[in-house]
Amino acid sequence: MHVSMIELKAALRRCFEASGYFVGNYEDAANMILWLEKHGLNGLGELERAISFIQQDGDKSLSTVIYEDSTSAIIDSNGRSALNCIAASVDLAHAKALECGIATVTVHNCHNRMFILKALTDCGRRGISAAAYWQNGSKVVSEHTVAIKAGDRYPSYSESITNLAATTGEKQALTIICSSRVDLTASLQQSKGNFNSRYISALQVAKNKEYSVDHGIEIDETLWAQINKIGEGILVENTERSRMGAGGQ
């Protein structure tokens, strides 16, 4: 079925608010999904894989800083979805890079890491070169990178299957690098041990957006119903508040 971006964003905001996301976080989460979908990177498909984590996030501990110094940090997201935690991690890397020139933040126990693209793009648009790297899978391991030059509007994205072993002890981990001095853009296409590489340039990302603006967004009816079903929790609460306040003093 076809929906407008405004309709989809409103439904996503209700969905995340009903799932216990804080004010600001549910705005970020909706924007992360819309950004991927608008730029041809399957944001709604990522949401389908993420939706079980979304509903569990409210029961999990907030992200914890395990280690921090002037140029680096290690963060444990405690099994949360990137939709609910990754923007703050990127902001931390950005702040450290502004202060020291280059910074690295490693995030552990973070699901749905593809959603970092929106936050990393915002970082580049604020004048900081940024990159992120992560692995998915255990038997078949895929490597992912996203990178953006300082001042650019769009990032590049690379995905490759690798015959190299997954990094031991690094399940659901993500590395973020930001720099005010170094161009961090790169791809995994020529990396040793990689095959079936997919590379999407910043130019292609921009073209994908032009297409989606012209043609709108298609969403699976089952997913649309699921989003709205979760969001009903907020609508019910608002109705009850309205009834309690009806004919106010």
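One-based numbering along the sequence shown.
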Answer yes or no: is there a side-chain heavy-atom contact under 4.5 Å between [X] and [Y]?
X      : Y      : result
Gln172 : Ser77  : no
Ile219 : Glu37  : no
Arg80  : Val107 : no
Ser81  : Tyr21  : yes
Ile51  : Ile230 : yes
His108 : Ile74  : yes
Leu47  : Ile54  : yes

Please check if [X] and [Y] belong to a single hydrophobic cluster, counting links between Ile, Leu, Val, Met, Phe, Trp and Tyr side chain heavy atoms closer than 4.5 Å.
X     : Y      : answer
Tyr67 : Ile177 : no
Trp35 : Val90  : yes
Leu36 : Ile148 : no

For the residue pair His39 and Tyr154, categorise the inter-ring angle as parallel (less than 30°), tilted (30 to 60°) or perpendicular (more than 60°).
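Correct class here is tilted.
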Can you name the side-chain contact (heavy atoms from CB on, under 4.5 Å) partners of [X], sequence neighbours left out?
X      : result
Arg153 : Arg125
Thr64  : Ile66, Asn78
Glu17  : Tyr26, Ile234

With a 6.0 Å cut-off (strictly less than), is the heavy-atom count around NZ of Lys149, excluding the residue itself, greater than 12?
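Atom NZ in Lys149 is not packed in, count stays at 12 or less.
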Residue pair Met114, Trp134: steps toward the side chain to side chain contact (heavy atoms under 4.5 Å, CB included) verdict:
CA-CA 9 Å; Met114 186 72 177; Trp134 69 96; 4.0 Å; yes
Is there a side chain to side chain contact (heavy atoms under 4.5 Å, CB included) between Asn228 and Arg14 once you walk through the steps?
CA-CA 8 Å; Asn228 285 287; Arg14 291 193 299 269; 3.4 Å; yes
Does [X] reach the main-chain N or O of [Y] with its side chain, forming a donor-acceptor pair under 3.5 Å?
X      : Y      : answer
Arg13  : Ala30  : no
Ser201 : Gln204 : yes
Arg113 : Ala82  : no

So which residues get pulled into Leu62's cluster when ILVMFWY side chains under 4.5 Å apart are joined, directly or through others?
Phe22
How does the hydrophobic cluster around Ile6 look, that is, which other residues are in it when side-chain heavy atoms under 4.5 Å mark a link?
none
Where Ser180 and Ile128 come nearest, the two heavy atoms and their spacing
CB-CD1, 3.6 Å
Measuring from [X]:[atom1] to [Y]:[atom2], what's the distance to the nearest 0.5 Å?
X      : Y      : atom1 : atom2 : answer
Ile227 : Glu48  : CD1   : CD    : 8.5 Å
Ile33  : Asp28  : CD1   : CG    : 11.5 Å
Ser160 : Gln135 : OG    : CD    : 11.5 Å
Leu41  : Asn208 : CG    : CG    : 6.5 Å
Glu7   : Ile217 : CD    : CD1   : 10.0 Å
Ser89  : Ile116 : OG    : CD1   : 7.5 Å

What I want to find out is whether Lys118 reaches Asp122 closely enough, with some N-O distance under 4.0 Å, to be called a salt bridge.
yes
Ion pair Glu210/Lys207, N-O distance below 4.0 Å:
no
For residues 95-104, tabulate all N or O donor-acceptor pairs below 3.5 Å that involve a side-chain atom, not counting sequence neighbours.
unit_1	atom_1	unit_2	atom_2	d
Lys96	NZ	Glu68	OE2	2.9
Lys96	NZ	Asp69	O	2.5

Does Leu92 form a side chain to side chain contact (heavy atoms under 4.5 Å, CB included) with Ile75? I'd like the steps, not just the answer.
CA-CA 10 Å; Leu92 178 61; Ile75 296 172; 4.0 Å; yes
Assess the residue pair Asn42 and Arg49 against the criterion (side chain to side chain contact (heavy atoms under 4.5 Å, CB included)); give the C-alpha distance rounded to whole Å, side-chain angles, the decisive distance to 0.1 Å, and a yes or no.
CA-CA 11 Å; Asn42 196 25; Arg49 289 186 283 275; 3.9 Å; yes
